[in-house]
Amino acid sequence: MSRYSAAEIEAKWQDAWDQAEIFRATRSEDKPKYYVLEMFPYPSGRIHMGHVRNYTMGDVIARYKISTGHNVLHPMGWDAFGMPAENAAMAIGGHPKDWTYGNIDDMRAQMKPLGLSIDWSREFATCDPEYYGQQQALFLDMLTEGLVYRKNAVVNWDPVDMTVLANEQVEQGRGWRSGALVERRELTQWFFKISDMAEELLEALDGLENWPAKVRLMQENWIGKSRGLQFAFGLIDGPDGHDRIEVYTTRPDTLMGASFIGISPDHPLAKQLERENPDLAAFSAECRKGGTTEEAIETAEKLGFDTGLRVRHPFDTAWELPVYVANFILMEYGTGAIFGCPAHDQRDLDFARKYGLDVIDTFVALEGGTPVEDEAFVPQKSEKVRWLKAFGWDDEATGSEAIDAAIAFCESNGVGQGVTKFRLRDWGLSRQRYWGCPIPVVHCDACGVVPEKKENLPIRLPDDVTFDQPGNPLDRHPTWRDCTCPTCGKPARRETDTMDTFVDSSWYFARFTAPRADTPTDMAEANYWMNVDQYIGGIEHAILHLLYSRFFARAMHQTGHLPAKAIEPFDALFTQGMVTHEIYLTRDENNRPVYHLPEDVTDGRLADGSPVEIIPSAKMSKSKKNVVDPVNIIGAYGADTARWFVLSDSPPERDVEWTASGAEATFKHLARVYRIVSEIIADTSEAAQPEADEDLLREMHKAIHDVTVGIESFGFNASIARLYAFTNTLSKSTAGAGAKRQAATALAQLMSPMTPHLAEELWQLLGGTGLIANAPWPQADEAMLVDDTITLPIQINGKRRTEISVPKDMPKSEVEKIALGTDAVVKALDGAQPKKIIVVPGRIVNVVI
RNA sequence: GCGGGCGUGAUGGAAUGGUAGACAUAUCGGACUUAAAAUCCGAAGGGCUUACGCCCGUGUGGGUUCGAGUCCCACCGCCCGCACCA
């Protein structure tokens, strides 16, 4: 009997699949279609275990759907534009293009041995001119539809390198290369009008039933619909053109507790005052230091500058409030101005204490509670409070009712109006970088900003660029910028900004339906294949990528590139967890950590015997060296072992920890399955007892049922646990050769989505017809799933005391009688009557004493 | 700071509000072997008890329920995202 040789088996069956072209997707109306997609990778050059886990999950679904009679589309491509290619060019020389395509070749070669059921004929990279040219066409169509526009927006500016920095390139407020303090600077940039669709993107979340609730909730909060009051404070002796300050608040019920007005340093009034007031100019300059992230702004120390200006309270014109410029107010949200109510908002209270401002309690003092000191009084949303007492009302209302009532009250008194606002901002797509999709517009002195003609697409990136200095090489290219105006034909300048790489990934799923079409999509193909039936990727994409894709699908429908049914492009979404590994480190003479690769550590020691510190279960990262290269694992154990392991142990949505012992154990298990099945094939015995056949087949049907449920519900770990149990049952079974072969065949089929190579081999050994990949999925016989006798636990006061064995459909009253007759219950009752007996049929009996 | 999530044996984890710890790893014992490996069989949450059993136990504290790992409230810890990382 031969032994399990993964290398041999895997090469053999991958060839067989290639020969038969069984994963090539072709439009066909005689089968239901199924589109399964994993978030495509960035071509860093090496695949990692996270990729293996992601693609294996998609592969299990794809293979399962093939065997349940679906026409499956399972494509793969590369999210190939982005900063790392430029960083590599700067660090080690070479060209981003060569680096990227070289990485793609490497990664494809590392990925193919996994035996994924991918239609490689549809592969593309977003940096292919054939792809980004179509993206430019989409951009032009969106421009025509009014979905794109230009406006000013702030970027991170490195004053030493004189260049724009990505958030990732800002470390503790400083540029990562120059070390200079970063400033916020305004640039004119292109924007997608995603905010116009805020309401629709929000409403449509309800229909995404097969998305994780947490992702829908995160998107809902991100879109951030709020109902509030917009009104004005009259400005006393304001500078020219400013007689009022418009304010938006979601807490109009606290208006009588207002004690100051805060405006953003970028507010027009602040900018005007800045010109005449050097102290304020200095303060605002200070506010503009640091990065642009919301995190940086929100966690920075709250600073304010008293402008000396005063406003009048709308309900009491004798009541004057000071106007501060404050660093925590964002010009992008609301009107860029707020009123502060220290008694009922912690941030405002901290600010008021710091600058010695009034704290006007509109609730606690009125109700006779403890006055506000260091903690603002913010009631629970559901708490009924007399918020409006300050307005002279006596009605009780909960938080949102109180706010609606306050808005109505203000409106009826001529103070502002209720408005709905969204937190969602328009999507800035301009990037001052080379390795991205060129924005297809030109700047003409006579005609202004002019779209490029479609027949000139793709606007290709020039190859002759250098990365020896900071900034965008397109800006300093000698000739690339020179062009003629598409409108007047005079000399003009090409736009040198490229698109955010999120644009590339916002429509690739649609392109996969017709990757070689000479329009962005082919409507016949898109109509057949869309939507993505199952999308799989990391939770880190819960908001941006998934929201942008939802926006793009709508925009593509509006511009005639997708059918109406595809405006929500992902029918079902699954967010998988990461692959983690322990971190091993020692300390150098300065007590700084020195990291060690897992393969250099055995039983907590290095080769020289010195012990290592172990940090448990962290995300695999090159800098911490806690990485396991899938290529090595496949070389040592085979792809089936890698695939099985990343699916076992942890539920797919949670992190899974890679361990060497786990991989070893997985390999042993697969070898065991191979051995057990080989023995079954050699065996010709009859069953010792006929019941043994019956028992085994019963277990087989239960396994078919449970494994199928597991796959359909993304419970791959549960399916695998069930397969372990079924393998143990099979190995111990005393059934005859026929029943065992039947069970072994089912086992191979149930394993086939996870370990397709081994399954093909077993299928062949067992005499199966054709490829197991094409064989129909086994069906569980319902009648075989239920045992005639069940075990019911008996609880006394909710604690398990004993159990009884009863026929599965015994009536409640009978069960009750038997339960009351058990020794444990008789003893516990001690002659008394039970207070209550709860019988949950088929589940449990609880006797309350 | 804001938004979202997670927390169960030595370890990864299982458990439609219904027997907590399935399945696996590591460990220990046994069989086979000259021996080891491989393989096969078995034990195993903690405590008390000769035993029958009993008590405790799902981050902490409270609550709802006949019954809570699961639902609610508060807290602690860790993770993800925060609009120019992909």
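Given the structure is predicted, the values throughout are model-derived calculations rather than measurements. Chain letters run A, B, ... following the sequence lines, proteins first and then strands; every chain starts at 1.
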Under 4.0 Å, counting only non-hydrogen atoms across every strand here, what does [X] touch: a base, just sugar-phosphate, or nothing?
| X | answer |
| --- | --- |
| Leu723(A) | nothing |
| Lys835(A) | nothing |
| Gly428(A) | sugar-phosphate |
| Ser650(A) | sugar-phosphate |
| Val840(A) | base |
| Phe328(A) | nothing |
| Gly82(A) | sugar-phosphate |
| Arg722(A) | nothing |
| Ile838(A) | base |
| Asn797(A) | nothing |
| Gln189(A) | base |
| Ala542(A) | nothing |
| His541(A) | base |
| Glu664(A) | nothing |

Measure the distance from [atom1] on [X] to [atom2] on [N] and round it to the nearest whole Å.
| X | N | atom1 | atom2 | value |
| --- | --- | --- | --- | --- |
| Arg425(A) | A83(B) | CZ | P | 7 Å |
| Ile543(A) | C82(B) | CD1 | C1' | 7 Å |
| Asn221(A) | G81(B) | CG | P | 17 Å |
| Asn846(A) | G17(B) | CG | P | 18 Å |
| Arg843(A) | U19(B) | CZ | P | 7 Å |
| Gln219(A) | G3(B) | CD | P | 17 Å |
| Ile844(A) | U65(B) | CD1 | P | 19 Å |
| Glu295(A) | C80(B) | CD | P | 12 Å |

Nearest heavy-atom pair of Trp211(A) and Val215(A): which atoms, and what distance?
CE3-CG1, 3.8 Å
Counting N and O atoms only, with roles assigned by atom type, does the side chain of [X] sit under 3.5 Å from a partner on the main chain of [Y], one being a donor and the other an acceptor?
| X | Y | value |
| --- | --- | --- |
| Lys732(A) | Leu730(A) | no |
| Asp79(A) | Asp504(A) | no |
| Ser430(A) | Trp190(A) | yes |

Expressed as a whole number of Å, how far does the [atom1] atom of [N] sit from that of [M]?
| N | M | atom1 | value |
| --- | --- | --- | --- |
| C55(B) | G59(B) | P | 22 Å |
| U27(B) | G21(B) | P | 24 Å |
| G67(B) | G18(B) | P | 14 Å |
| A15(B) | C6(B) | P | 14 Å |
| C28(B) | A36(B) | P | 14 Å |
| A24(B) | A51(B) | P | 29 Å |
| G46(B) | A10(B) | C1' | 13 Å |
| A31(B) | A38(B) | C1' | 14 Å |

Of Thr299(A) and His545(A), the one whose closest RNA chain B nucleotide lies more 5'
Thr299(A)
Pick the nucleotide of RNA chain B nearest each of Leu424(A) and Thr791(A); which residue has the one closer to the 5' end?
Thr791(A)
Quick check for you: among [options], whose closest atom lies nearest to any side-chain atom of [X]?
| X | options | answer |
| --- | --- | --- |
| Glu540(A) | A86(B), A83(B), A22(B) | A86(B) |
| Gln795(A) | C23(B), U25(B), A20(B) | A20(B) |
| Lys668(A) | U39(B), A86(B), G1(B) | U39(B) |
| Arg654(A) | G7(B), U25(B), C84(B) | G7(B) |
| Tyr724(A) | A24(B), U16(B), A14(B) | A24(B) |
| Ser661(A) | A26(B), A86(B), A83(B) | A26(B) |

Does atom CD of Glu186(A) have more than 12 heavy-atom neighbours, drawn from other residues, nucleotides or ligands, at distances under 6.0 Å?
yes
Glu653(A) with Lys214(A): basic N within carboxylate O range, under 4.0 Å
no
Lys354(A)/Glu301(A) salt bridge by N-O under 4.0 Å criterion
yes
Indicate, with yes or no, if the rings of [X] and [Y] have centres closer together than 6.0 Å.
| X | Y | answer |
| --- | --- | --- |
| Tyr724(A) | Phe726(A) | no |
| Phe328(A) | Phe351(A) | yes |
| Tyr131(A) | Trp507(A) | yes |

Is the phosphate of [N] approached by [X] (side-chain N or O, under 4.0 Å from OP1 or OP2)?
| X | N | value |
| --- | --- | --- |
| Asn167(A) | A83(B) | yes |
| Arg675(A) | C40(B) | yes |
| Thr293(A) | C82(B) | no |
| Arg672(A) | C40(B) | yes |
| Lys214(A) | G5(B) | no |

Could you tell me which residues satisfy side-chain contact (heavy atoms from CB on, under 4.5 Å) with Phe667(A), sequence neighbours excluded, listed by chain and number?
Tyr4(A), Tyr637(A), Thr641(A)
Torsion-based syn/anti label for G9(B), 90° from 0 as limit:
syn
Using side-chain heavy atoms (C-beta onward) and a distance below 4.5 Å, is Leu424(A) in contact with Leu547(A)?
yes
Enumerate the protein-to-nucleotides 50-55 of chain B contacts in which both atoms are nitrogen or oxygen and the separation is below 3.5 Å.
residue	atom	partner	partner atom	Å
C55(B)	OP2	Arg801(A)	NH2	3.3

